[in-house]
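For ligands, and for the atoms within them, numbers begin at 1 and follow the listed sequence. Scope of the values below: all heavy atoms of this structure, side chains included, with no hydrogens, waters or symmetry mates.
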Amino acid sequence: MDTNRIIQAIQVSGIRRFDEAIGSSADTIKLTVGKPDLATPEHVKDAAVRAIRDDWTHYSPLMGFAELQHAASQYFHTRYGLTYAANDVLATVGATEAVATSLLTLLNPGDGVLLPTPAYASYAPLVAMAQGKLITVDTTANGFKLTADSLERALNSQPTTPIKAIILNYPTNPTGITYTRTELLALRAVIAAHDLYVISDEIYSELTYDQPHTAFATLYPEKTVTINGLSKSHAMTGWRLGFIMAPQPLIAEMKKTHQYLVTSTSSITQAAGIEALTNGIDDGQRMRAKYQQRRELVANRLGAIGLNYVYPAGAFYVFVQLPSWFNGTSWQFATQLAHQAHVAVIPGSAFGTAGEGWVRLSYAASSTKLTTALDRIATWINQMEENHHVIH
Ligand SMILES: Cc1ncc(COP(=O)(O)O)c(C=O)c1O
């Protein structure tokens with residue numbers, strides 16, 4: 001084929017490939033894609049219906065409607081103390097477009113981008129599409145957290161690559177870890193010393209369970225590109241609304257990339273967004289309370305089964321280690337679990353080589369479903385352990 005070589009070299013994400021590979025048999029409980037099971041709040045849906053009836057159905061300004069920019073500026077100030085002006089907010093087609101637009105705007109060909117791994121599957125292909133050079137930092141040895149030391153080492157290991165930026169994502173998909181303010185300040189010191197841009201994907205910020213979420217831009221406003229959105233906080237994955245927030249003149253550069261990729265996000269979705277960010281300021285916290293109960297349920301059951309896992313401080317995922325008796329890859333483990341126990345989880349290798357040896361279980365599912373899924377996992381693990389003569 002004579003099509004673009006960068007595109008030829010990338011694949012549909014392991015998450016979607018695995019999800020498609022195991023099919024959609026009715027008796028399999030899918031704890032795979034990071035899709036909230038909760039419904040979009042009724043008042044948000046009503047606002048979108050009203051927008052259609054009122055003919056809010058044409059192009060919006062490129063950056064998004066002024067009301068939406070204003071609502072987002074207020075909301076992120078109230079929730080996290082961010083001080084972006086309304087004009088510093090760009091409404092995007094989900095956080096996905098926000099990541100793409102940020103990378104395409106920031107990078108020149110060959111610029112290095114640091115990425116702590118395991119990581120959300122979109123970053124590496126998007127860095128490749130922006131012709132950047134990806135430098136991964138394996139966080140496995142530090143409980144999946146990037147430390148100032150490991151960051152410094154990664155920076156020094158690349159003497160010939162101009163490192164432009166680092167992608168941070170916390171709470172983290174797939175591990176559910178997050179960072180304290182003190183840990184972020186330690187990272188900030190190294191980042192500032194090397195004058196890096198930070199692309200901070202905080203799409204799970206509302207789902208932080210044990211401590212307040214610290215937005216990176218409150219520590220490093222001058223070179224942070226903040227990414228957020230309503231997909232997870234307001235159970236709005238299908239509406240496709242995200243945000244890039246960055247100081248001028250950076251955001252003005254982003255606007256150009258955004259225009260030629262998508263023009264703007266849907267005007268109907270923006271009407272829903274205005275409602276969510278103004279009258280739905282507490283919606284995310286209500287949802288968080290539900291996810292927190294499920295976190296306890298899943299963690300308790302995994303512990304009782306004897307599986308090693310990372311206790312999640314945020315998002316709605318648990319990263320679970322393959323049992324030591326299992327002789328195979330995370331893809332093989334997840335395939336067997338799906339076929340034999342009828343529970344689907346995502347192989348850790350979908351999040352980079354650092355995720356091998358683990359699987360990701362999404363607890364964005366009802367407690368009833370989670371309980372049945374964990375019963376099945378317990379029974380299956382028991383049988384497998386008997387076959388392998390495992391003694392506890
Ligand atoms: C870390 C992370 N960033 C971005 C996204 C994409 O968000 P959106 O649906 O708003 O494009 C996801 C979705 O799973 C995610 O986990």
Side-chain angles (χ1 to χ4, degrees), residues 12-19 30-38 40 44 64 68 72 76 89-103 113 115-127 139 144 146 166-179 198-208 213 215-216 225-245 258 261-262 264-266 269-270 272-273 276-277 284 287 291 312-319 345-346 348 350-352 355 360-365:
V12 169
S13 85
I15 302 175
R16 295 288 181 154
R17 271 186 294 128
F18 184 80
D19 200 58
K30 283 196 167 187
L31 307 177
T32 49
V33 181
K35 193 169 77 173
D37 63 306
L38 306 174
T40 301
V44 174
L68 179 66
F76 290 108
V89 179
L90 169 62
T92 58
V93 183
T96 306
E97 192 238 321
V99 177
T101 291
S102 303
L103 288 166
V113 179
L115 178 67
T117 58
Y120 175 55
S122 289
Y123 303 132
L126 287 171
V127 169
T139 60
F144 297 111
L146 181 69
I166 177 167
I167 299 175
L168 294 179
N169 161 230
Y170 62 92
T172 304
N173 176 7
T175 57
I177 64 103
T178 195
Y179 294 89
V198 175
I199 297 173
S200 193
D201 180 349
E202 301 177 23
I203 188 83
Y204 295 101
S205 56
E206 282 292 281
L207 300 177
T208 303
H213 174 80
F216 205 80
V225 175
T226 300
I227 291 176
N228 215 313
L230 299 184
S231 295
K232 316 289 173 169
S233 62
H234 288 71
M236 289 176 70
T237 49
W239 297 77
R240 314 307 301 130
L241 183 57
F243 300 105
I244 304 177
M245 291 172 278
H258 169 75
L261 286 176
V262 299
S264 64
T265 191
S266 143
T269 287
Q270 292 187 53
L277 292 166
M287 295 191 193
Y291 292 124
F316 41 51
Y317 307 109
V318 196
F319 217 40
V345 295
I346 297 291
F351 308 100
R360 185 194 77 177
L361 180 156
S362 162
Y363 53 89

Before signing off on this row, confirm whether [X] and ligand 1 have an N or O atom pair separated by under 3.5 Å.
{"X": "T96", "answer": "yes"}
{"X": "Y317", "answer": "no"}
{"X": "N169", "answer": "no"}
{"X": "A95", "answer": "yes"}

The protein heavy atom nearest to atom 13 (C) of ligand 1 is K232 NZ, 3.0 Å
Considering only non-hydrogen protein atoms, determine which one is nearest to atom 9 (O) of ligand 1 and report residue, atom name and distance to 0.1 Å. R240 NH1, 2.8 Å
State the atoms of ligand 1, each with its element, that fall below the 4.0 Å cut-off from a heavy-atom position in [X].
{"X": "G94", "value": "10 (O), 11 (O)"}
{"X": "S231", "value": "8 (P), 9 (O), 10 (O)"}
{"X": "Y204", "value": "1 (C), 14 (O), 15 (C), 16 (O)"}

Is the closest heavy-atom distance from [X] to ligand 1 below 4.0 Å?
{"X": "T237", "value": "no"}
{"X": "E97", "value": "no"}
{"X": "Y123", "value": "yes"}

Rounding to 0.5 Å, atoms CD (Q270) and CZ (R240) come to a distance of 14.0 Å
About how many Å separate CG of D19 and NZ of K35, when rounded to the nearest 0.5 Å? 8.5 Å
Between T269, T40, T265, which is the residue that forms a side-chain hydrogen bond (donor to acceptor under 3.5 Å, both in side chains) with W239? T40
Would V113 and I199 count as a side chain to side chain contact (heavy atoms under 4.5 Å, CB included) if you check the C-alpha gap in whole Å, the side-chain angles of each, and the deciding distance to 0.1 Å? CA-CA 10 Å; V113 179; I199 297 173; 5.8 Å; no
Would you say T92's side chain and G242's backbone share a donor-acceptor pair under 3.5 angstrom? yes
Using a 4.5 Å cut-off on heavy atoms from C-beta on, say whether the side chain of S102 contacts that of I227. yes
T139 side chain near T172 side chain, heavy-atom distance below 4.5 Å: no
Quick check on the 6.0 Å ring-centre criterion: do Y204 and H213 meet it? no
Between Y291 and F316, how do the two ring planes meet: parallel, tilted or perpendicular, split at 30° and 60°? tilted
Can you check which of I167, T172, I15, D201 brings a heavy atom nearest to atom 1 (C) of ligand 1? D201
